[in-house]
Amino acid sequence: MQIASQLAVVCRDIHKTYVTGSTRTAALRGVELEVRAGELLMLVGPSGCGKTTLISVMAGILNQDQGDCRVFGENLLAMRATQRTRFRGQNVGFVFQAHNLLPALTARENAAVPLLILGVKRAEALRRAEHFLELVGIPEKAHVRPAQLSGGQQQRVAIARALVHSPRLIVCDEPTSALDHVTGQKVIELLRQVALDGERALVIVTHDQRIFPYANRIAAMDDGRIEHIAEQTPLAVSQSLARPLEP
Amino acid sequence: MNRIALQMLTGDRAKYAGIIMGIAFASLLITQQMSIFVGLMTRTFSTISDLGQAEIWVTDPKVQFIDDVKPLAETKLLRVRGVNGVEWAVPLYKGLLKARLPSGAFQTCNVMGLDDATLIGGPPEMVAGTIQDLRRAEGVIVDEVGARTRLAKPPARPGEPATPLTVGDTLELNDQRAVVVGICRVSRTFQSQPVIYTTYSRARRFAPRERKQLSFILAKAKPGVDPAELCARIEADTGLSAFQARDFQFKTVRYYLKYTGIPINFGMSVVLGFLVGTAIAGQTFYNFTLENLRQFGALKAMGASTWSILRMILLQALFVGLVGYGIGIGLAALFGRATRGTELAFRMLPQLLGITALAVVLICILASMLSILKVIRLEPAIVFKS
Ligand SMILES: Nc1ncnc2c1ncn2[C@@H]1O[C@H](COP(=O)(O)OP(=O)(O)OP(=O)(O)O)[C@@H](O)[C@H]1O
Ligand SMILES: [Mg+2]
């Protein structure tokens with residue numbers, strides 16, 4: 001496929017060292033990685049190998065010390081901070097391990113936050129957020145606050161929030177690790193089915209081997225480098241979850 | 001985003017209440033302390049403000065404030081009357097005299113002797129009798145609070161409340177008989193001795209013999225004559241000091257500010273109220289931001305600019321500041337209302353509300369400053385930390 005071969009993210013020789021007082025931790029030591037548009041790439045590896053650091057660089061919320069990272073052809077490091085912030089707002093969706101929903105806001109309002117940040121009118125933002133809550137299967141929870149939602153439901157809201165502004169890249173850090181097996185599987189199927197759309201690229205950091213089959217490619221990381229990349233045919237999403245996609 | 005900021009703020013009711021209470025408490029404390037201070041200062045010159053008819057006060061040049069009586073020679077009265085532009089000038093006796101009560105006890109009283117002919121300088125309000133009753137032999141008018149408290153007669157039976165001094169009762173001033181012919185209401189003075197009004201000539205008789213007994217000369221400018229100019233003219237012609245009533249009030253307040261510890265003591269408690277309020281409000285607000293740091297980080301990651309997050313924090317600070325201020329000054333006003341008519345000096349000037357508002361703004365700025373520093377330095381990468 002022509003679209004699939006386009007590159008969403010290109011990382012060349014990325015280095016990042018954290019300095020805390022007198023201790024220096026080399027988290028990334030020359031990462032080479034390409035993320036293709038339209039694929040679901042999983043980033044796996046032992047704890048502390050640099051996975052979170054890498055997706056932070058790719059998402060433009062952390063600056064590398066050395067190396068070149070292009071996201072849809074743009075060099076984030078070369079941008080001014082305000083430009084980079086705007087680029088993130090328009091092009092990147094996030095799903096965090098701790099879901100990071102705002103507790104004071106309803107599910108619908110939480111899902112609308114990226115649009116509100118971009119300056120979309122409240123009514124319109126809420127309308128679109130509702131559409132995405134429907135897509136992730138919890139339309140009835142639109143007016144409920146996160147505290148009254150189960151872990152899986154919270155993660156669904158987080159996914160709706162990551163999708164609502166139609167970003168071209170979505171990064172997820174351990175999206176299923178706080179969930180039980182069945183719920184985790186549902187969430188990953190949801191991500192595959194709803195989030196993976198056209199040229200959108202999905203990068204998921206995970207420890208959870210049970211969700212590996214859903215990936216197009218699995219990049220194994222160790223000690224700040226990509227060790228090898230395995231390509232596979234992703235598992236089909238179970239029928240029960242399939243919903244018609246609306247624009 | 002503004003709406004989100006307010007939702008974050010009010011989302012946690014307990015914390016929200018805590019911040020508001022902190023600021024309300026600070027506003028209350030500051031307003032209340034300042035009002036008491038102003039109230040006390042107002043009392044220092046209440047003798048002057050009660051004496052509304054006197055436009056100009058003529059005193060010995062060395063007089064520093066209203067209770068600092070340095071008697072003038074009687075001849076000065078004629079000199080003042082002779083100054084061009086003076087409509088009238090009358091004598092006023094003001095002195096502390098010992099009154100002997102029916103019980104045999106002594107009580108120092110502030111005795112005011114009014115011009116026999118005009119009775120200018122009388123009390124602002126009569127409760128019983130009239131000012132004209134002073135023309136009766138041995139007549140004095142006693143202030144209501146004094147009559148009820150320090151001048152009161154011993155109770156008929158032990159254990160009962162004392163009987164207030166009333167019209168018809170007698171007391172002795174320097175071994176001379178005086179008959180109460182009226183009860184009046186005066187503004188509370190700073191030293192708050194009972195006030196006794198009588199005529200100038202009778203006051204001179206009550207007072208111990210001295211060469212000079214004229215305490216002040218009260219004067220009024222002819223219509224069309226500028227009082228300030230007249231004061232200058234009186235000073236030039238007589239060698240005395242002459243003040244417009246308002247200037248004499250300020251002179252009195254300035255004396256108290258300069259020579260008593262009141263301003264320092266009150267200043268301290270105002271500052272203390274400010275510090276305590278800032279500490280409480282600042283602390284709770286800072287904690288609030290700290291706990292929300294993750295949320296702010298998530299907003300930053302999702303594309304919110306640092307500036308827009310700062311605006312959210314400022315809005316939150318402004319909002320709690322406004323609500324807390326409103327509650328605080330409301331409580332202060334209630335406090336003032338509740339203590340009206342008691343010994344407590346309380347005068348809540350509109351200017352004080354402005355000062356409190358400034359203080360609250362300062363508190364909010366201080367409190368949000370810390371939070372803002374945190375947010376500016378906040379790395380959005382915090383969102384991936386579990
Ligand atoms: N903010 C930081 N300051 C200092 N050191 C850090 C910071 N963040 C991460 N590190 C260190 O950098 C290394 C890589 O961290 P990173 O979070 O990227 O690992 P990870 O692969 O995501 O681990 P895990 O699977 O446990 O989440 C670790 O040794 C970690 O201790
Ligand atoms: Mg990690």
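To find a chain, count down the sequence lines: A is the first, B the second, and so on, and within it residues start at 1. Bear in mind the structure is a predicted one, so any value in this text is a computation, not a measurement.
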For the candidates A:Pro114, A:Pro103, A:Gly60, A:Gly119, which exhibits the highest count of non-hydrogen atom pairs separated by less than 4.5 Å from chain B? A:Pro103
With respect to chain B, which residue among A:Leu62, A:Thr52, A:Leu105 yields the maximal number of heavy-atom pairs within a distance under 4.5 Å? A:Leu105
Could you please spell out the steps behind the side-chain contact (heavy atoms from CB on, under 4.5 Å) verdict for B:Glu379 and A:Ile61? CA-CA 7 Å; B:Glu379 285 282 346; A:Ile61 56 175; over 6 Å; no
Is A:Arg86 reaching over with its side chain to a backbone N or O of B:Ser305, donor-acceptor style, under 3.5 angstrom? no
For chain A, the option from B:Asn292, B:Leu299, B:Asp12 that forms the most heavy-atom pairs under 4.5 Å: B:Leu299
Over all atoms of both residues, closest heavy-atom pair of A:Ala104 and B:Gly11: CB-CA, 3.8 Å
Return yes when atom CZ of B:Arg246 has more than 12 non-hydrogen atoms of other residues, nucleotides or ligands closer than 6.0 Å, and no otherwise. no
Heavy-atom nearest pair, A:Thr85 first then B:Gly303, reads CG2-O, 3.3 Å
Residue part contacting chain B, namely of A:Val57, when any heavy atom lies under 4.5 Å: neither
Heavy-atom pairs under 4.5 Å with chain A, option from B:Ser308, B:Ala298, B:Ala301, B:Pro380 with the top count: B:Ala301
In this structure, are over 12 heavy atoms from other groups packed under 6.0 Å from B:Phe25 atom CZ? no
Run the side-chain contact (heavy atoms from CB on, under 4.5 Å) check on A:Arg161 and B:Met302 step by step: do they pass? CA-CA 10 Å; A:Arg161 182 174 68 176; B:Met302 289 187 283; 3.6 Å; yes
Chain B contact via A:Gln90 - which portion, at a heavy-atom distance below 4.5 Å: neither
With a 4.5 angstrom heavy-atom cut-off, which part of A:Arg84 approaches chain B: side chain, backbone, both or neither? neither
